[in-house]
Number of protein chains: 4
Amino acid sequence: MPGARTRILDAAEELFAGGGYDATPTAQIARTAGVPKGLLFHYFPKKIDVLITLIDERTLVVEAPEVEAVPGDAAGTLSRLARRLPLRASPAMRRILFREADTHGSVRERLGRLNGELIRRARFALELALPTRRGDAARLEAAAATFAAVLLYQENLCQLTGHQIDPDAVAELIAMALV
Amino acid sequence: MPGARTRILDAAEELFAGGGYDATPTAQIARTAGVPKGLLFHYFPKKIDVLITLIDERTLVVEAPEVEAVPGDAAGTLSRLARRLPLRASPAMRRILFREADTHGSVRERLGRLNGELIRRARFALELALPTRRGDAARLEAAAATFAAVLLYQENLCQLTGHQIDPDAVAELIAMALV
Amino acid sequence: MPGARTRILDAAEELFAGGGYDATPTAQIARTAGVPKGLLFHYFPKKIDVLITLIDERTLVVEAPEVEAVPGDAAGTLSRLARRLPLRASPAMRRILFREADTHGSVRERLGRLNGELIRRARFALELALPTRRGDAARLEAAAATFAAVLLYQENLCQLTGHQIDPDAVAELIAMALV
Amino acid sequence: MPGARTRILDAAEELFAGGGYDATPTAQIARTAGVPKGLLFHYFPKKIDVLITLIDERTLVVEAPEVEAVPGDAAGTLSRLARRLPLRASPAMRRILFREADTHGSVRERLGRLNGELIRRARFALELALPTRRGDAARLEAAAATFAAVLLYQENLCQLTGHQIDPDAVAELIAMALV
DNA sequence: TATGAATGAGTGTTCATTCAT
DNA sequence: AATGAATGAACACTCATTCAT
């Protein structure tokens, strides 16, 4: 069995994803984790520290210097980008990342970072994938931002609105617009 | 001076947009509205009823049967769509609509409706604007969803991530992909 | 349709009997009665006045100067007494009479009066029914009180404890003890 | 000084007996007990739990397998039964037991159990005390129930109606009827 | 007589946080 | 590190009662 600190974070991850940060009492976190209430505050002096720690230790925006891109295949390159977000995090943590964006700056910051990395990757991929570098930087920027928007939309709003979106089709669409 | 019920809704709109539903005590709503605490519960038996009423009475997803589209000008048509969301709501209410999507089903429902209307309009606009109806319905669908995603992203995540996106550029991009 | 005052009392009678005085809000009485809340306080300035009026107007302890007794038939005389309590009141009002004895002095007073009348009748009946007046007044008094106790017990505690008691058998028992 | 939990129960016992469960705010219980309000809910999550615990821990219906009876002395046997109810409880708890019978099932259940034990004892005592076992079980049953009714009446209604009843006289009366 | 909005003290309950051990 | 009792401010909500019309 993992240590108390880990069990607390495990419990909080599950509960925050399920009911939200505000609606989850510290007592419930402790109970779910199987630790006494006092111990929770030994590790995390304030409740918000649990959330901050969760974001800090359990989400990682992979900011790779290099992005794999296949020259000449913009659609495929974007598709591959969409297949896996540059985000190392469990489904529960992903839920928390979007859900609690208003709760604390650290969450917002992480989400912003993901967004930035997404745009950076899309831009970079397109730059490399496109046959010729045309001077039209603005259009490329819009394409990158659009793709990032679609990916975040899919991760977040789709659950709320029930509407699905096919990233591959979007990738193809964007590629078509730029070639 | 407007009636008590209106003042309560005014106060709630402001406070929910600012600090969020959970973080806003009913006492503060009453104080801000300048009414005794008990009166709030005279009009809204449960706190959640304030939010529900706000969504119900102060957001309207304009589900127009017809959408104005200029044949041959897909980009311009989308641009015009972006200029104004089919959503009759104050900036504060817009904030609430996105922020409290997890708080109550009625908010989620309204947001979903907006999303649906957005997609419907984009699809319809593109259908009319494009010179020839090509059999490629899937691509058109992807384009519509993409545009909706961008618009919602702009309304919601941009505030969180600080990243701006230019709808006109996206409109042009999409048009280019489809012609 | 009866007048407002009557409808209020009707509603209160039903609700007090069902859920108890304390647990019944005046708003519910008004709603059940189909009258506006303000009108209730027009007729009954304080909530307790509803209960007092109910007891006052809808329970009557029949304090008959004469009690029918058949000389020589003590058991039968008591049985007849048991058949009908000297209490003019609906089942609901009877329930209220016992249930709210602690709520207000007027209820307690009425209940005490019923108890007194019960004892008086039993004593009187026995005095007349018994063949010879023996000097043993104390025993007769005990018999009367016992019979009253049984009748009140039957009316009140039987519902709570689920235990039934046959007044006729008790009547016979007491008669047997006294002859 | 006893522990906080005990002091809370002490205070509740006193206050419930005095003013009744409904009329006693939890704040007053805490104040009387000399503990902060929050601690009350640490031990008793709901107010009703205080009453339930009180009944559970501070009233005991002594369900003795054997009942002491003196053969040939029915009156004396019943008198002895009346001297002390098979109920281990303070006067305050006794008051609560009768007063709050409508408040919660657990109180009602305990009261019913007391009633049952009373009848059982009276029946058993009479069976043993009477010289000859006559086939008349029904009469014996009525006698037992009558005696139980008188004892409960004495404990409960006497306080309300102000009427006293002498159990010894009733014991003698019943004995006389059965010999 | 009739109406329902207005009032505000009070109620049970929650909960993050502290603290003594 | 570990424990759970202790704390009290805050919360949503209730309700008898008043009052202007």
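FYI, side chains are in, hydrogens and waters are out, and symmetry mates aren't considered; it's all heavy atoms of this structure.
- Checking A/P25 against D/P25, the closest nucleotide of DNA chain E that is more toward the 5' end is the one next to D/P25.
- For DNA chain F, no neighbouring residue in residues 4-23 of chain B is found when judged by any heavy atom under 4.0 Å.
- Rounded to an integer number of Å, the gap from C/F41 CZ to F/dA16 C1' is 5 Å.
- Taken to the nearest 0.5 Å, the OG1 atom of C/T59 stands 10.5 Å off from the CD atom of C/E13.
- Residues D/L51 and D/I48 meet the side-chain proximity criterion, which asks for heavy atoms closer than 4.5 Å.
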Let me see the working for D/D22 and D/K47 under salt bridge (charged side-chain N to carboxylate O under 4.0 Å, His left out), right down to the final yes or no.
-> CA-CA 10 Å; D/D22 273 330; D/K47 184 189 179 187; 5.1 Å; no

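- The closest side-chain heavy-atom distance from B/V107 to B/I96 is not below 4.5 Å.
- Pair assignment for E/dA16: F/dT7, on the basis of Watson-Crick or G-U wobble contacts that are both within less than 3.5 Å.
- When rounded to the nearest whole Å, the span between CG of C/D49 and P of F/dT18 equals 11 Å.
- Across every strand in view, F/dT21 sits in a pair with E/dA2 that passes the Watson-Crick or G-U test at under 3.5 angstrom.
- DNA chain F is contacted by D/P36, D/K37, D/G38, D/L39 of residues 30-40 of chain D, taking any non-hydrogen atom closer than 4.0 Å.
- For B/Y43 and E/dA6, the shortest distance from a side-chain N or O to OP1 or OP2 is below 4.0 Å.
- With hydrogens and angles left out, the side-chain atoms of A/E14 and A/T32 include no donor and acceptor closer than 3.5 Å.
- With rounding to the nearest 0.5 angstrom, the OG1 atom of C/T161 is 11.0 Å from the CZ atom of D/R108.
- Judged by distance alone, the side chain of C/R95 and the main-chain N or O of C/G18 form no donor-acceptor pair under 3.5 Å.
- Take the nearest nucleotide of DNA chain F for B/A27 and for C/A27: the residue whose nucleotide is more 5' is B/A27.
- Taking side-chain N and O atoms only, C/H42 has no distance below 4.0 Å to OP1 or OP2 of E/dA2.
- The side chain of A/K47 approaches E/dA16 more closely than any other nucleotide in the set E/dG12, E/dA16, F/dA6.
- Close to F/dC15, at under 4.0 Å from its OP1 or OP2, lies no side-chain N or O of C/T26.
- Residues A/R110 and A/D56 form a side-chain contact, since some pair of their non-hydrogen atoms from C-beta on lies under 4.5 Å apart.
- In this structure, the side chains of A/R5 and A/L9 come closer than 4.5 Å at one or more pairs of heavy atoms.
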